[in-house]
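Start at 1 and go down the list; that is how both ligands and their atoms are numbered. Please read all numbers here as calculations on a predicted model, not as lab measurements.
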Amino acid sequence: MLVVMRHDATEQEVRGVVQVIEELGYQARPMPGRQRTSIGVVGNDGRVDASRLAALAGVVEIIHVTKPYKQVSREWRPESTVVRLPGGLAVGGDEIVVMAGPCSVETERQIIEAAIAVRDAGATVLRAGAFKPRSSPYAFQGLGVSGLALLKRAREESGLLIVTEAMDPEGVDLVAEVADIIQIGARNMQNYSLLKKAGRAAKPVLLKRGLSATIQELLLAAEYLLAEGNQNVILCERGVRGFDPSTRNLFDVSAVPVVHTLSHLPIIADPSHGTGRRQMVLPMARAAVAAGADGLLVEVHPHPEHALSDGAQSLDPVEFRQLMHDTRLIAEAIGRSITEPTGVRT
Ligand code: PEP
Ligand code: MN
């Protein structure tokens, strides 16, 4: 439930509403907006006495959120969320943020070479996994903690921000020490203890759509993060399991406008896992930007033929330059732009 205050409501009136919500046994989440303040009522099971709140001074309207996800919905917050990152980077505004790098951190040389290559082409966030969720237990599992140390080095060398995956609740704190954004992978989208832990972290979370998750399930997973207090959530479309082996996944470009309609959270797109094939990444990246994606997550390896994971879908630096060139043009055509690197971010 949402209590909408009059545009000229005083701070005292807002405090009065918060107090009554708390007296009723719920949590109050005041959300100052451009026009007016709304106060979210959290923890209600539908039986809260709305008439008591409607009669309070300064209240203009009570909105019952009809969706099963609440804080994630546009009903709850009509204005789009902009997730702010260090160095003035923002996801969910007019600018499109490109996050690029190898699937896995492999060696110091590889990650630094990758970081410099993607930065010089115009990426602003370095992506690479230290903890890797692999379908086979015999496949490369990532360097773990030493991979995080290499990401820290790459951050210092390149000035790029870092997004990397936490695979379990214990990993969240480790990742949060190094990363600017904590990634939750597709296989873990419904790992509720991981979501709750990441929801209490002080870093933004990138939540990838599950292997065969509906958009409603994705939004409910995001609700876990917001319910724990983390408002800085970026969603990611990365394809869902299809029936046709021509592509690794069925890249659901339509998820972008669907999410923008249902939720105020930003959504980025990952055409690398979405297609699984290098030659399809560029056209699908173009399509995602045209569809309104707030960012891209792209796998780029200095030598894809030697990659320890996901080489078949990794671009080399030259192909990535082409992707940056094309997506800049498309962004411009729809009145947006790609965020440009501005040197070392702190
Ligand atoms: C990744 O980003 O490297 C990854 C493992 O992706 P997903 O969780 O979407 O499979
Ligand atoms: Mn990968």
Identity and separation of the nearest protein heavy atom to [atom]:
atom	value
atom 4 (C) of ligand 1	His273 NE2, 3.4 Å
atom 8 (O) of ligand 1	Ala186 N, 2.7 Å
atom 9 (O) of ligand 1	Arg238 NE, 2.6 Å

Just checking Glu23: does its CD atom have more than 12 heavy atoms from other residues, nucleotides or ligands closer to it than 6.0 angstrom?
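Correct, the count exceeds 12.
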
Could you report the tightest heavy-atom contact between [X] and [Y], atom names first, then the distance?
X	Y	value
Val105	Ala128	CG2-CB, 3.7 Å
Ser272	Glu299	OG-N, 2.9 Å
Pro302	Glu113	CB-OE2, 3.5 Å

Run the numbers for me: atoms of ligand 1, each under 4.0 Å from some heavy atom of [X], listed by number.
X	value
Gln183	1 (C), 2 (O)
Gly185	8 (O)
Arg127	1 (C), 2 (O), 3 (O)
Glu299	3 (O)

Angle at the Mn ion (ligand 2): provide the value between NE2 of His273 and OD2 of Asp310, rounding to 10 degrees.
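Seen from the Mn ion (ligand 2), NE2 and OD2 are separated by roughly 90°.
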
Could you tell me the angle subtended at the Mn ion (ligand 2) by SG of Cys103 and OE2 of Glu299, rounded to 10°?
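It is 90°, given to the nearest 10°.
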
Polar atom proximity, Leu297 to ligand 1 (N or O, under 3.5 Å)
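Leu297 vs ligand 1: no N/O contact under 3.5 Å.
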
Are any of the N or O atoms of Asp270 closer than 3.5 Å to those of ligand 1?
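N/O-N/O distance below 3.5 Å does not exist for this pair.
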
Would you say Val14 ends up clustered with Leu24 if hydrophobic residues are merged whenever their side chains have heavy atoms under 4.5 Å apart, either directly or through other cluster members?
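Same cluster: Leu24 reaches Val14 through Ile, Leu, Val, Met, Phe, Trp or Tyr contacts under 4.5 Å.
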
Between His264 and Ser80, do the side chains contain an N or O donor and an N or O acceptor separated by less than 3.5 Å?
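No, Ser80 and His264 have no side-chain donor paired with an acceptor closer than 3.5 Å.
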
Heavy-atom gap Cys103 to ligand 1 smaller than 4.0 Å:
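Judged by the 4.0 Å heavy-atom criterion, Cys103 does count as contacting ligand 1.
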
Non-hydrogen atoms of Arg209 versus ligand 1: any pair closer than 4.0 Å?
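Distance cut 4.0 Å: Arg209 fails for ligand 1.
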
Salt bridge check: are Asp8 and Arg36 linked by an N-O gap of less than 4.0 Å?
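Looking at Asp8 and Arg36, the cut-off is not met.
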
Pairing of Lys70 and Glu223 as salt bridge, 4.0 angstrom limit
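Here Lys70 does not pair with Glu223 in a salt bridge, since their nearest N and O are not under 4.0 Å apart.
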
Closest by any non-hydrogen atom to atom 3 (O) of ligand 1: pick that one out of Met189, Lys132, Glu165, Lys208.
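Checking each option, the heavy atom nearest atom 3 (O) of ligand 1 is found in Lys132.
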
Output the distance between atom CG (Leu219) and atom CG (Leu235), rounded to the nearest 0.5 Å.
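Nearest 0.5 Å value for the CG-CG distance: 6.5 Å.
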
